[in-house]
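Notes for the one structure printed next.
First listed ligand is number 1; within each ligand, the first listed atom is number 1. Since we're looking at a predicted model, the values are computed, not measured.
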Amino acid sequence: MVDGSRPVWIGTSWKMNKTLAEAAAFIDRLSAAPIPRSVQPFVLPAHTALAAARARLPRDSPVRLGAQNAHWAAEGAWTGEISMRMAADAGATMVELGHSERREHFNETDQTIARKVAAALDHDLVPLVCVGEPTEVRDRGDAESFVADQVTAALARAAPGSVGACLIAYEPIWAIGARGRPASEVEVAPVMSAIATAVAELTGGGRACALLYGGSVSVGNAAELLRSPHTDGLFVGRAAWDIEGFLALMRVGAAHVEVNCASQNNI
Ligand SMILES: O=C[C@H](O)COP(=O)(O)O
């Protein structure tokens with residue numbers, strides 16, 4: 001739960017969208033917009049737009065940029081891939097790993113994701129580790145253990161002291177994309193708690209990862225989802241690809257922090 005001592009993360013992956021011109025238009029609008037101090041925004045462009053986005057953002061912009069994937073190897077004969085070093089060189093300070101679309105269509109496994117998490121940390125990139133269960137796992141009541149196991153596996157190669165630097169995004173597969181069903185806070189909360197427990201076991205009670213929720217997030221359900229325990233932010237696809245949508249979601253995030261601070265101070 002965001003309590004005002006940490007910013008609320010509001011971020012988007014553009015997935016396989018936006019030409020250079022479209023990326024530039026979004027970044028220019030974002031650069032000119034007021035960004036609430038209580039929000040940590042991030043944008044994950046396609047690799048082709050990463051360096052251009054970095055070049056257009058003001059140096060002192062609070063917006064973080066990241067890659068949507070990168071390989072664990074430092075360099076070499078890996079046709080079609082980019083390395084963590086190349087992502088950082090292009091302007092990334094974070095890297096998304098293990099999205100369900102990559103697990104499903106590009107054969108990402110818990111093992112390859114763990115290698116990538118370790119490589120990202122070695123290059124001072126914040127890994128944004130995506131986890132989430134398919135419908136059939138939820139239907140048989142195993143969502144919490146399934147997702148907790150994914151978290152434990154993804155962080156298996158990270159030193160306990162660096163686990164807290166990671167972000168974890170819980171994205172139930174059945175909630176993602178145009179055919180997804182938006183999740184309710186009641187469905188999300190137990191899984192977020194299971195993730196927090198899995199992380200605490202790895203860190204021995206040390207610095208916890210920030211936990212994000214993603215999957216059919218919209219301006220309409222963002223406030224409800226942010227109220228879920230252990231939720232430090234939102235990871236958004238479609239609803240944030242338009243700059244007005246992204247800015248609106250940031251305003252929801254800022255309002256959420258304000259309400260939490262006020263209730264903690266009994267205002
Ligand atoms: O990367 C973001 C997630 O896959 C969620 O996408 P969505 O908000 O379009 O459902």
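Proximity to I176 (heavy-atom distance under 4.0 Å) selects the following atoms of ligand 1: 4 (O), 10 (O). Against a heavy-atom cut-off of under 4.0 Å, G177 is close to the following atoms of ligand 1: 7 (P), 10 (O). Every atom of ligand 1 with a heavy atom of F235 under 4.0 Å away is listed here by number and element: 1 (O). Proximity to R238 (heavy-atom distance under 4.0 Å) selects the following atoms of ligand 1: 7 (P), 8 (O), 9 (O), 10 (O).
Taking distance alone, with nitrogen or oxygen atoms compared against 3.5 Å, G215 stays at or beyond that limit from ligand 1. By the 3.5 Å distance cut-off applied to N or O atoms, H99 is counted among the residues near ligand 1.
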Check residues 42-54 and write down every donor-acceptor pair under 3.5 Å in which the side-chain atom is one partner and the other belongs to a residue at least two apart or another chain.
{"unit_1": "H47", "atom_1": "NE2", "unit_2": "N69", "atom_2": "O", "d": "3.0"}
{"unit_1": "R54", "atom_1": "NH2", "unit_2": "L57", "atom_2": "O", "d": "3.4"}
{"unit_1": "R54", "atom_1": "NH2", "unit_2": "P58", "atom_2": "O", "d": "3.3"}

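Protein heavy atom at the shortest distance from atom 2 (C) of ligand 1 is E171 OE2, 3.4 Å. If you check which protein heavy atom lies closest to atom 8 (O) of ligand 1, you get G237 N, 2.9 Å.
Using a 4.0 Å cutoff on heavy atoms, S216 counts as a contact of ligand 1. Ligand 1 is never approached by A239 to a heavy-atom distance shorter than 4.0 Å.
Side chain of H99 to main chain of E101: a donor-acceptor pair is present (N/O by atom type, distance under 3.5 Å, no hydrogens or angles). Between the side chain of R138 and the backbone N or O of E187, at least one donor-acceptor pair lies under 3.5 Å. Under a 3.5 Å cut-off, the side chain of N260 and the backbone N or O of V257 do not form any donor-acceptor pair.
Between E133 and W174, the side chains place a donor N or O and an acceptor N or O closer than 3.5 Å (distance only, hydrogens not considered).
In this structure, E96 does not pair ionically with R102, as no charged nitrogen and carboxylate oxygen lie closer than 4.0 Å.
The hydrophobic cluster containing L121 also contains V131, counting ILVMFWY residues as joined when their side-chain heavy atoms lie under 4.5 angstrom apart, directly or transitively.
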